[in-house]
Amino acid sequence: MVGLVDCNNFYVSCHRSFDPSLEGKPVIVLSNNDGCVVARSNQAKELGITMGKPLFQIEDVIKAHQVKIFSSTYPLYGDMSARVMGILGRFVEEVEIYSIDEAFLNLAGYDRVYPDRVALAQQIRSTVAQWTRIPVSVGIAPTKTLAKVANWYAKRELMHNGVLELTDPSAIQAALEEFAVEELWGVGHRYAGLLKRNGIKTAWQLSQVHDVWIQKHMTVNGLRLAYELRGTPCRQLELEPAKKKSICTAPSFGRLVPDLATIKEALATHVARAAEKLRRQHSTAGVMTVFLHTNRFKDKEKQYYNSRTVELPHPTASTSELLHYAGAALESIYQEGYEFQKVGVILSDFTPENHRQPGLYSGSLDERLVKLSGVMDKLNTRHGRDKVRLAAQGFCPTWQMKQQWLSPCYTTRWKDILVVK
DNA sequence: TCTGGGGTCCTAGGACCC
DNA sequence: TCTGGGGTCCTAGGACCC
């Protein structure tokens with residue numbers, strides 16, 4: 001038996017947690033660069049504001065209904081997420097943190113401790129609400145996919161009071177017969193189109209389709225989905241967070257940028273960020289890709305996209321070393337005469353840092369560079385991002401992303417901590 | 001004017017091996 | 001008429017997730 005705990009409108013709820021005046025009002029959170037809507041309160045959803053909508057297309061609605069806007073601020077969300085996940089770990093031993101706002105719970109073997117799973121889920125909800133003010137919904141079922149379905153109903157139908165358990169076959173069938181196939185976990189817009197063209201509209205219908213057809217058209221992943229709908233688990237709980245196999249850092253510029261010098265500064269910062277992520281998981285990278293492109297939405301302007309992939313002489317996690325190759329790669333693909341929107345770096349082909357083979361002629365230098373990066377990480381963890389950085393990153397960046405509607409840093413900056421009067 | 005960022009997995013086909 | 005059998009590795013493209 002699996003439980004899925006999902007935070008409702010998570011980013012919006014994080015802001016509401018520290019500002020109760022937002023309760024009951026339409027609130028949205030924007031993507032990086034304040035571009036698109038990535039989270040909405042229920043009141044904003046009721047106004048017809050859809051997920052992924054560009055902000056400039058809904059300015060009328062926003063003005064008319066005084067929708068409150070926030071730029072996204074991941075330190076806050078990450079912090080609140082950790083608090084919620086910590087609470088879940090007090091109730092059950094095995095918690096899979098699936099995303100920033102979702103976790104699967106292994107409820108197998110708890111029949112004696114928690115004979116009433118719905119009551120347990122309600123207790124989880126009220127504890128999370130009291131300690132973090134984040135509202136959550138819980139779905140309970142024999143497989144992860146069915147728990148996702150249960151959660152969907154728990155979140156949307158008030159009568160469930162935030163918790164739905166789907167265990168007996170007739171209840172599962174009834175739920176699946178009402179469940180649109182495109183809402184399923186593992187069905188995106190391409191598969192949804194394919195299924196509809198073949199007359200498959202509900203999750204129940206998909207569960208009844210012949211295995212051979214499903215595997216042929218939706219690969220083995222589709223087959224796993226069908227099995228899970230029939231109550232046979234194919235997706236195990238993953239308790240150890242897997243190490244990443246690639247790391248990409250590529251935020252857009254806050255404005256279009258034509259000149260190489262500015263792009264180089266931005267790239268240096270992206271490389272520093274990517275290398276930090278790499279060191280945090282104790283890996284070194286053997287391959288680096290640098291890419292650069294213009295704004296694809298400006299179809300009247302000349303477009304340019306290019307990338308360069310470099311095999312590094314030996315795997316490394318040193319920012320300065322990666323930066324050396326990144327700069328050369330960028331110079332080889334940069335073209336004058338374009339307005340660029342983004343430069344990015346992708347690290348891949350990882351080796352664990354303790355298996356690392358140093359360069360034949362540069363062994364001790366490698367060691368020193370690795371140590372240097374480690375020291376910088378420690379200083380920056382303690383004193384703030386980029387407090388110590390490479391000069392290549394520049395001193396007053398002009399390319400940074402837009403964040404016009406930042407909230408205070410309630411949990412990560414001393415002067416922003418709320419004062420209780 | 002204005003349109004996000006960061007990931008994973010699977011498959012088919014080609015190149016190569018003995 | 002008729003041309004084997006069994007593998008591995010790599011890549012590009014396509015699907016999905018939050």
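Residue numbers start from 1 in every chain, and the chains themselves are labelled A, B, ... in the order their sequence lines are given, proteins ahead of strands. What you are looking at is a predicted structure, and each value in this text was computed from that prediction instead of being measured.
Across all strands shown, A/His270 has no heavy atoms under 4.0 Å from either base or sugar-phosphate atoms. A/Ile247 comes within contact range of the sugar-phosphate backbone alone, with a heavy-atom separation under 4.0 Å but no base atom that close. As judged by a 4.0 angstrom heavy-atom cut-off over every strand, A/Lys244 is placed among residues touching the sugar-phosphate backbone only. At the heavy-atom level, A/Asn33 lies nowhere under 4.0 Å from the strands shown. Among the protein residues, A/Ser72 comes within range of no part of the nucleic acid, since none of its heavy atoms lies under 4.0 Å from any strand. Across all strands shown, A/Arg224 has heavy atoms under 4.0 Å from sugar-phosphate atoms exclusively, and none from any base. At a threshold of 4.0 angstrom between heavy atoms, the contacts of A/Leu194 with the nucleic acid are absent. Among the atoms of the strands shown, none is found under 4.0 Å from any heavy atom of A/Asp34.
Going from atom CE of A/Met85 over to atom C1' of C/dC18 covers 12 Å, rounded to whole Å. Straight-line distance from the CG atom of A/Asn32 to the C1' atom of B/dC2: 15 Å, rounded to whole Å. Per the geometry, CG belonging to A/Leu225 stands 17 Å off P belonging to B/dC9, to the nearest Å. Following rounding to the nearest Å, A/Leu184 (CG) and C/dC16 (P) show an atom-to-atom distance of 12 Å. Atom CD1 of A/Ile214 is separated from atom P of B/dC10 by 17 Å (rounded to the nearest Å). The distance from atom CZ of A/Arg40 to atom P of C/dC18 is 14 Å, rounded to the nearest whole Å. Rounded to an integer number of Å, the gap from NZ of A/Lys342 to P of B/dG4 is 8 Å. Between A/Tyr77 atom OH and B/dG6 atom P there is a gap of 16 Å when expressed in whole angstrom units.
Out of C/dC18, B/dG7, B/dC2, the shortest distance to the side chain of A/Cys248 is found at B/dG7. Here the side chain of A/Lys245 is nearest to one of C/dC16, B/dG4, B/dC9, namely B/dC9. When distances run from any side-chain atom of A/Ser99 to the nucleotides B/dT11, B/dT1, C/dC18, the shortest one goes to C/dC18. When distances are taken from the side chain of A/Lys277 to each of B/dG7, B/dT1, B/dT3, the shortest belongs to B/dG7. Ranking C/dA15, B/dC2, B/dG4 by closeness to the A/Glu59 side chain, first place goes to B/dC2. Checked against B/dC2, C/dC18, B/dG7, the side chain of A/Tyr98 finds its nearest nucleotide in C/dC18. With B/dC10, C/dC16, B/dG4 as the choices, the nucleotide that has an atom nearest any side-chain atom of A/Gln341 turns out to be B/dG4. Taking only side-chain atoms of A/Ala250, from C-beta outward, the nucleotide of B/dT8, B/dG6, B/dC2 with the closest atom is B/dG6. Each of B/dC10, B/dG4, C/dC18 was ranked by its minimum atom distance to the side chain of A/Trp185; first place goes to C/dC18.
Between B/dT1 and A/Lys298, no contact under 4.0 Å exists linking OP1 or OP2 to a side-chain N or O. Contact annotation: A/Ser252 reaches the phosphate of B/dG5 (side-chain N/O to OP1 or OP2, under 4.0 Å). Side-chain nitrogen and oxygen atoms of A/Lys148 include at least one within less than 4.0 Å of the OP1 or OP2 phosphate oxygen of C/dC18.
Taking the six-membered ring where the residue is Trp, the centroids of A/His15 and A/Trp405 are separated by 6.0 Å or more.
Classified by interplanar angle (parallel below 30°, tilted 30° to 60°, perpendicular above 60°), the ring pair A/Tyr153/A/His160 is perpendicular.
When the nearest nucleotides of DNA chain B are assigned to A/Lys243 and A/Pro251 by heavy-atom distance, the more 5′-ward of the two goes with A/Pro251.
Comparing the C1' positions of C/dC17 and B/dG4 gives an interatomic distance of 15 Å, to the nearest angstrom.
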Could you walk me through whether A/Tyr305 and A/Phe340 pass the ring-ring contact (aromatic ring centres under 6.0 Å, His included) test, one step at a time? CA-CA 9 Å; A/Tyr305 173 90; A/Phe340 292 102; over 10 Å; no
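Using modelled atom types, one finds a donor on one side chain and an acceptor on the other under 3.5 Å when comparing A/Ser137 with A/Asn8.
Using a 4.0 Å cut-off between charged nitrogen and carboxylate oxygen, A/Arg279 and A/Glu353 do not count as a salt-bridge pair. Here A/Arg308 does not pair with A/Glu331 in a salt bridge; the nearest charged N to carboxylate O distance is not below 4.0 Å.
Atom NZ of A/Lys68 has 12 or fewer neighbouring heavy atoms from other residues, nucleotides or ligands inside a 6.0 Å radius.
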